[in-house]
Protein chains: 2
Amino acid sequence: MDTGDRLLTPGEVAALFRVDPKTVTRWAAAGRIGSIRTPGGHRRFRESEVRALLEGEGVLDDLDDGANRSPNSGPAQSGNHGPTNAGLH
Amino acid sequence: MDTGDRLLTPGEVAALFRVDPKTVTRWAAAGRIGSIRTPGGHRRFRESEVRALLEGEGVLDDLDDGANRSPNSGPAQSGNHGPTNAGLH
DNA sequence: GACAAATGGGGTAATTGGGGCG
DNA sequence: GTTGTCCCAATTACCCCATTTG
(Lines give C-alpha, C1' and ligand atoms only; values in the text may rest on other atoms or scores of the structure.)
Protein backbone atom coordinates (compact mmCIF):
# COMPACT_ATOMS: atom_id res chain seq x y z
CA MET A 1 0.00 0.00 0.00
CA ASP A 2 1.31 3.31 -0.91
CA THR A 3 1.24 5.48 2.15
CA GLY A 4 2.70 8.36 0.23
CA ASP A 5 6.40 7.81 0.09
CA ARG A 6 6.93 10.78 -2.12
CA LEU A 7 9.95 12.77 -1.20
CA LEU A 8 9.59 16.40 -0.26
CA THR A 9 12.19 19.10 -0.53
CA PRO A 10 13.14 21.17 2.52
CA GLY A 11 11.20 24.05 1.05
CA GLU A 12 8.05 21.95 0.89
CA VAL A 13 8.36 20.79 4.47
CA ALA A 14 9.15 24.32 5.59
CA ALA A 15 5.98 25.62 3.94
CA LEU A 16 3.94 22.89 5.64
CA PHE A 17 5.23 23.84 9.08
CA ARG A 18 5.42 27.56 8.41
CA VAL A 19 9.12 27.59 9.26
CA ASP A 20 12.34 28.38 7.49
CA PRO A 21 13.92 25.75 5.23
CA LYS A 22 17.01 26.02 7.35
CA THR A 23 14.94 24.95 10.33
CA VAL A 24 13.90 21.78 8.56
CA THR A 25 17.54 21.08 7.86
CA ARG A 26 18.22 21.58 11.54
CA TRP A 27 15.55 19.04 12.42
CA ALA A 28 17.19 16.49 10.17
CA ALA A 29 20.60 17.27 11.64
CA ALA A 30 19.18 16.83 15.14
CA GLY A 31 17.62 13.51 14.22
CA ARG A 32 14.07 14.74 14.83
CA ILE A 33 13.06 13.74 11.32
CA GLY A 34 14.36 11.14 8.91
CA SER A 35 16.20 12.44 5.91
CA ILE A 36 17.49 10.99 2.70
CA ARG A 37 20.63 12.59 1.40
CA THR A 38 21.27 13.06 -2.25
CA PRO A 39 24.77 12.33 -3.57
CA GLY A 40 25.29 16.07 -3.57
CA GLY A 41 24.48 16.45 0.11
CA HIS A 42 20.95 17.89 -0.14
CA ARG A 43 18.17 16.37 1.92
CA ARG A 44 14.81 14.88 0.95
CA PHE A 45 12.04 14.02 3.39
CA ARG A 46 9.31 11.41 3.19
CA GLU A 47 5.84 12.85 2.92
CA SER A 48 4.43 10.10 5.14
CA GLU A 49 6.77 11.02 7.94
CA VAL A 50 6.16 14.72 7.54
CA ARG A 51 2.41 14.29 7.65
CA ALA A 52 2.75 12.10 10.71
CA LEU A 53 4.51 14.95 12.46
CA LEU A 54 2.05 17.46 11.13
CA GLU A 55 -0.89 15.90 12.89
CA GLY A 56 -2.23 18.52 15.25
CA GLU A 57 -5.91 18.31 15.49
CA GLY A 58 -7.99 18.44 12.47
CA VAL A 59 -7.80 17.34 8.94
CA LEU A 60 -5.75 19.35 6.65
CA ASP A 61 -5.23 19.13 2.98
CA ASP A 62 -2.69 20.29 0.59
CA LEU A 63 -1.88 23.91 0.42
CA ASP A 64 -1.61 25.70 -2.84
CA ASP A 65 0.52 23.79 -5.25
CA GLY A 66 0.63 24.47 -8.93
CA ALA A 67 2.22 21.15 -9.77
CA ASN A 68 0.34 18.30 -8.28
CA ARG A 69 1.81 15.16 -9.64
CA SER A 70 -0.70 12.99 -7.90
CA PRO A 71 -3.69 12.34 -10.17
CA ASN A 72 -5.10 10.19 -7.44
CA SER A 73 -7.50 12.45 -5.60
CA GLY A 74 -8.57 9.99 -2.97
CA PRO A 75 -8.76 11.74 0.38
CA ALA A 76 -9.22 8.43 2.07
CA GLN A 77 -6.67 9.55 4.58
CA SER A 78 -8.77 10.71 7.47
CA GLY A 79 -10.35 9.56 10.67
CA ASN A 80 -7.60 11.19 12.60
CA HIS A 81 -9.27 11.60 15.93
CA GLY A 82 -6.17 11.30 18.00
CA PRO A 83 -5.76 13.63 20.95
CA THR A 84 -3.31 16.44 21.03
CA ASN A 85 0.09 15.52 19.85
CA ALA A 86 2.69 14.59 22.37
CA GLY A 87 5.19 17.31 21.66
CA LEU A 88 7.86 17.03 24.24
CA HIS A 89 10.44 19.57 24.95
CA MET B 1 -14.48 27.35 -0.25
CA ASP B 2 -11.33 28.78 0.99
CA THR B 3 -10.71 27.79 4.52
CA GLY B 4 -7.37 29.55 4.67
CA ASP B 5 -5.40 26.99 6.61
CA ARG B 6 -2.33 29.09 6.81
CA LEU B 7 -0.37 28.72 10.00
CA LEU B 8 0.30 31.70 12.20
CA THR B 9 3.05 32.20 14.72
CA PRO B 10 2.23 33.08 18.35
CA GLY B 11 3.43 36.60 17.69
CA GLU B 12 0.98 36.95 14.82
CA VAL B 13 -1.95 35.76 16.88
CA ALA B 14 -0.89 37.96 19.77
CA ALA B 15 -0.82 40.98 17.48
CA LEU B 16 -4.27 40.09 16.16
CA PHE B 17 -5.73 39.93 19.66
CA ARG B 18 -3.63 42.77 21.06
CA VAL B 19 -2.36 40.54 23.83
CA ASP B 20 0.95 39.15 24.91
CA PRO B 21 2.36 36.11 23.09
CA LYS B 22 2.45 34.42 26.46
CA THR B 23 -1.30 34.77 26.68
CA VAL B 24 -1.73 33.00 23.37
CA THR B 25 0.49 30.24 24.63
CA ARG B 26 -1.74 29.90 27.69
CA TRP B 27 -4.80 29.66 25.50
CA ALA B 28 -3.20 26.79 23.66
CA ALA B 29 -2.11 25.17 26.92
CA ALA B 30 -5.66 25.47 28.25
CA GLY B 31 -7.08 23.90 25.12
CA ARG B 32 -9.04 27.01 24.19
CA ILE B 33 -7.38 27.05 20.79
CA GLY B 34 -5.92 24.31 18.65
CA SER B 35 -2.18 24.34 18.20
CA ILE B 36 0.30 22.50 16.03
CA ARG B 37 3.68 21.91 17.59
CA THR B 38 6.85 21.97 15.58
CA PRO B 39 9.44 19.27 16.30
CA GLY B 40 11.28 21.97 18.20
CA GLY B 41 8.36 22.60 20.53
CA HIS B 42 7.13 25.90 19.15
CA ARG B 43 3.45 26.34 18.35
CA ARG B 44 1.70 27.26 15.15
CA PHE B 45 -1.97 28.28 14.97
CA ARG B 46 -4.42 27.95 12.12
CA GLU B 47 -5.53 31.22 10.71
CA SER B 48 -9.03 29.84 10.12
CA GLU B 49 -9.41 28.99 13.78
CA VAL B 50 -7.95 32.29 14.90
CA ARG B 51 -10.30 34.20 12.68
CA ALA B 52 -13.20 32.17 13.99
CA LEU B 53 -12.29 33.28 17.49
CA LEU B 54 -11.62 36.76 16.29
CA GLU B 55 -15.19 37.22 15.15
CA GLY B 56 -16.17 40.79 15.90
CA GLU B 57 -18.59 41.36 13.10
CA GLY B 58 -22.24 40.45 13.36
CA VAL B 59 -23.82 40.77 16.77
CA LEU B 60 -22.11 42.86 19.35
CA ASP B 61 -23.92 43.51 22.59
CA ASP B 62 -20.85 43.57 24.70
CA LEU B 63 -20.60 47.08 26.04
CA ASP B 64 -21.52 46.90 29.71
CA ASP B 65 -18.76 46.60 32.21
CA GLY B 66 -20.83 44.51 34.56
CA ALA B 67 -22.30 47.34 36.62
CA ASN B 68 -25.99 47.93 36.08
CA ARG B 69 -26.78 51.57 36.64
CA SER B 70 -30.44 51.50 35.60
CA PRO B 71 -32.14 48.47 37.03
CA ASN B 72 -35.60 49.86 36.36
CA SER B 73 -37.12 50.89 33.05
CA GLY B 74 -35.12 48.09 31.58
CA PRO B 75 -36.49 46.08 28.70
CA ALA B 76 -36.67 42.34 28.76
CA GLN B 77 -33.15 41.91 29.89
CA SER B 78 -32.48 38.24 29.79
CA GLY B 79 -30.02 36.74 32.18
CA ASN B 80 -27.77 35.73 29.36
CA HIS B 81 -25.80 38.71 28.25
CA GLY B 82 -22.64 36.90 27.24
CA PRO B 83 -21.57 36.81 23.63
CA THR B 84 -21.23 33.67 21.60
CA ASN B 85 -18.26 32.73 23.66
CA ALA B 86 -18.26 29.01 24.32
CA GLY B 87 -15.77 29.33 27.13
CA LEU B 88 -17.16 27.61 30.14
CA HIS B 89 -16.49 28.76 33.62
C1' DG C 1 28.91 24.63 -21.92
C1' DA C 2 25.54 27.98 -19.55
C1' DC C 3 21.75 29.81 -16.42
C1' DA C 4 18.24 30.63 -12.22
C1' DA C 5 16.71 28.68 -8.08
C1' DA C 6 17.13 26.08 -4.08
C1' DT C 7 20.10 23.97 -0.39
C1' DG C 8 23.90 23.58 2.93
C1' DG C 9 27.11 25.49 6.25
C1' DG C 10 28.41 29.03 9.61
C1' DG C 11 27.37 32.87 12.18
C1' DT C 12 24.23 36.34 14.44
C1' DA C 13 19.76 38.47 16.46
C1' DA C 14 14.81 37.72 17.45
C1' DT C 15 11.12 34.94 18.98
C1' DT C 16 9.23 31.25 21.83
C1' DG C 17 8.58 28.02 25.84
C1' DG C 18 8.36 27.11 30.75
C1' DG C 19 8.09 28.55 35.61
C1' DG C 20 7.13 31.88 39.04
C1' DC C 21 5.44 36.45 40.64
C1' DG C 22 2.49 40.88 40.78
C1' DG D 1 -10.43 33.42 37.76
C1' DT D 2 -7.40 36.01 33.93
C1' DT D 3 -3.45 38.82 31.99
C1' DG D 4 1.26 40.99 32.10
C1' DT D 5 6.08 40.89 33.28
C1' DC D 6 10.43 38.96 35.15
C1' DC D 7 13.97 35.26 34.82
C1' DC D 8 16.13 31.51 32.11
C1' DA D 9 17.19 28.08 28.07
C1' DA D 10 15.88 26.47 23.67
C1' DT D 11 14.32 27.04 19.08
C1' DT D 12 13.79 29.68 15.13
C1' DA D 13 14.77 33.48 11.53
C1' DC D 14 17.84 36.14 8.65
C1' DC D 15 22.63 37.41 7.02
C1' DC D 16 26.78 35.85 4.33
C1' DC D 17 28.65 32.70 0.27
C1' DA D 18 29.86 27.89 -1.95
C1' DT D 19 27.67 23.98 -3.85
C1' DT D 20 24.02 21.21 -5.87
C1' DT D 21 19.88 20.81 -8.33
C1' DG D 22 16.85 21.13 -12.48
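A note on names: the letters A, B, ... follow the listed sequences, proteins ahead of strands, and every chain is numbered from 1.
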Any chance you could measure A:Arg46, atom CZ, to A:Arg6, atom CZ, to the nearest 0.5 Å?
12.5 Å
Going from CD1 on A:Ile36 to OG1 on A:Thr38, what distance comes out if it is rounded to the nearest 0.5 angstrom?
10.5 Å
Of all the base pairs, Watson-Crick or G-U under 3.5 Å, which form stems of three or more consecutive pairs involving DNA chain D?
C:3-19 with D:6-22
Qualifying residues under side chain to side chain contact (heavy atoms under 4.5 Å, CB included), relative to A:Lys22, sequence neighbours excluded:
A:Asp20, A:Arg26
Got more than 12 heavy atoms from elsewhere within 6.0 Å of CZ, B:Arg18?
no
For A:Thr25, what residues pass the side chain to side chain contact (heavy atoms under 4.5 Å, CB included) criterion, not counting sequence neighbours?
A:Arg43
A:Glu12 has an atom CD; how far is it from atom C1' of C:dT7, in whole Å?
14 Å
Give the rounded distance in Å between these two atoms: CG of A:Asp20 and P of C:dT7.
10 Å
Nearest-nucleotide pick for A:Val19, side chain only, options being D:dG4, D:dT12, C:dT16
D:dT12
Tell me, do A:Leu53 and B:Pro39 make a side-chain contact under 4.5 Å, heavy atoms counted?
yes
Closest non-hydrogen atom pair, B:Arg44 against B:Thr9:
NE-CG2, 3.5 Å
Euclidean distance, atom CG of residue B:Leu7 to atom P of D:dT12 [Å, nearest integer]:
14 Å
The complete set of ring pair (Phe, Tyr, Trp, His ring centres under 6.0 Å) pairs with one or both residues in residues 5-48 of chain B, sequence neighbours excluded, reads B:Phe17-B:Trp27
Using whole Å, what does the distance between atom P of nucleotide C:dT15 and atom CZ of A:Arg18 come to?
14 Å
Enumerate the residues from residues 22-45 of chain A whose closest heavy atom to DNA chain C is under 4.0 Å, giving them by residue number; use none for an empty result.
A:Lys22, A:Thr25, A:Arg37, A:Gly41, A:His42, A:Arg43
